[in-house]
Number of protein chains: 2
Amino acid sequence: MSDELLRALDQAGVRLTGPRREIAALIAKRNGHFTAADLIADAGKRRLGVGRATIFRLLDLLAEQGLVERVDLPDGRHAYVPCEPSHHHHLVCVACGAIAEVEDCGIDAVTSEASRRSGFTIESHRLELFGRCPNCRSAN
Amino acid sequence: MSDELLRALDQAGVRLTGPRREIAALIAKRNGHFTAADLIADAGKRRLGVGRATIFRLLDLLAEQGLVERVDLPDGRHAYVPCEPSHHHHLVCVACGAIAEVEDCGIDAVTSEASRRSGFTIESHRLELFGRCPNCRSAN
DNA sequence: CACACAATGAGACCAAGTATCAACACCCCG
DNA sequence: CGGGGTGTTGATACTTGGTCTCATTGTGTG
């Protein structure tokens, strides 16, 4: 359901125009991560007349609101994942692309240890975990 | 000194040709991270006749040997950092670009916790820490 | 020395993303 | 209702980071 995305955008004071609704629907229809190219292809397939730029613009908006996040796949490609706006990290299934979110689970200990050893002040971090989701593991 | 890079490449059975030595020297001269564009600009500035392709090829080779690693900066750009071939993570100074390496400091606890909660089997992870190095912090 | 093969540089190409711009939609105000 | 300012849109050009191709140039081995 794209309702959540739309509702969140609405609350952020973003206009809910036709193209935006359509793109939100495309995003909602995918579960797991997707690339910008996926969305562009989807939009093209159904002859929605939405332009590349509009898709990137909506992704930017969503990212600003923390509703979507960019992750870098191990192969270097970029993907976007829809997610909750709170701080968290992503677990990406390398087989099917499913995404799980994990909230902070002890990473602070790691950062403070790293900080102690290096003398750096740590301002932010990025953690991505890659593996196999329960489905893909059993199907294997 | 580019000697270490060259020695490591040599041991990996890679030919040490002229262009490779030159590029290794450029890398060694930078401390901290650099982008491919930096190297290309450096090479151009000194009229070394090395082509873009050769630079990317050497970066690939170095990455294969674990002598260099790609990191994704918070602003989405890619950088390369020279590093030890063992497993570790990078601490990047957002002010000056200095790099520190930290060996595993408790991240396993985080991954196994995440695994327990999500049911995923975790195969690999990527952790990048961004902050300020001691120099930049005091200069601030 | 000759040969096979690896490495090179030039440049075409590609994908992801950004910038520009004219046309258009919407909303508020009168 | 009408008009103007602002925000949004799609087309398209452009930029950046990187790959591919290919003819040419090394280079190590026998």
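In what follows, every chain begins at residue 1, and chains take the letters A, B, ... in the order their sequences are listed.
- Of the side-chain N and O atoms in B/T54, none sit less than 4.0 angstrom from OP1 or OP2 of C/dA7.
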**Fill in**
Letter by letter from the 5' end, nucleotides 12-27 of chain C scores (B base, S sugar-phosphate only, - none; protein heavy atoms under 4.0 Å) ----SBBBB-------
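- For A/S112 (side chain) and A/D108 (main-chain N/O), a donor-acceptor pair under 3.5 Å exists by modelled atom type.
- B/D72 has its CG atom 14 Å from the C1' atom of D/dG18, to the nearest Å.
- Summarising the local packing, CZ of A/R117 is surrounded by more than 12 heavy atoms from other residues, nucleotides or ligands at distances under 6.0 Å.
- Remark on DNA chain D: of its neighbouring residues B/L16 and A/L61, the 5'-side contact belongs to A/L61, judged by nearest-heavy-atom nucleotide.
- Protein atom CZ of A/R20 is 10 Å distant from nucleotide atom P of D/dG10, rounded to whole Å.
- Rounded to an integer number of Å, the gap from B/L9 CG to C/dA6 C1' is 15 Å.
- Atom CD1 in B/I55 sits about 9 Å away from atom P in C/dG9, given to the nearest Å.
- B/H78 has its ring centre less than 6.0 Å from the ring centre of A/H78.
- What you find for A/L6 and A/A24 is that their closest heavy atoms are CD2-CB, 3.8 Å.
- Between B/H87 and B/H125, the distance separating the two ring centers is shorter than 6.0 angstrom.
- In this structure, B/G49 reaches the sugar-phosphate backbone alone: every heavy-atom distance under 4.0 Å involves primed, P, OP1 or OP2 atoms, never a base.
- The CZ-P distance, from B/R21 to C/dT8, rounds to 12 Å in whole Å.
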**Message:** Under the criterion salt bridge (Lys or Arg N to Asp or Glu O under 4.0 Å), I'd like the reasoning laid out for A/D72 against A/R126: C-alpha separation, chi angles, the key distance, then a yes or no.
**Reply:** CA-CA 10 Å; A/D72 297 285; A/R126 179 188 305 179; 3.0 Å; yes
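- Counting to the nearest Å, the P atom of D/dG18 and the CG atom of B/L39 are 11 Å from each other.
- In this structure, the side chain of B/T54 does not engage the main chain of B/V50 through any donor-acceptor pair within 3.5 Å.
- For B/F34 and D/dT16, the CZ to P distance is 19 Å, given to the nearest whole Å.
- Taking atom CG of residue B/L58 and atom C1' of nucleotide D/dT19, one finds them 16 Å apart after rounding to whole Å.
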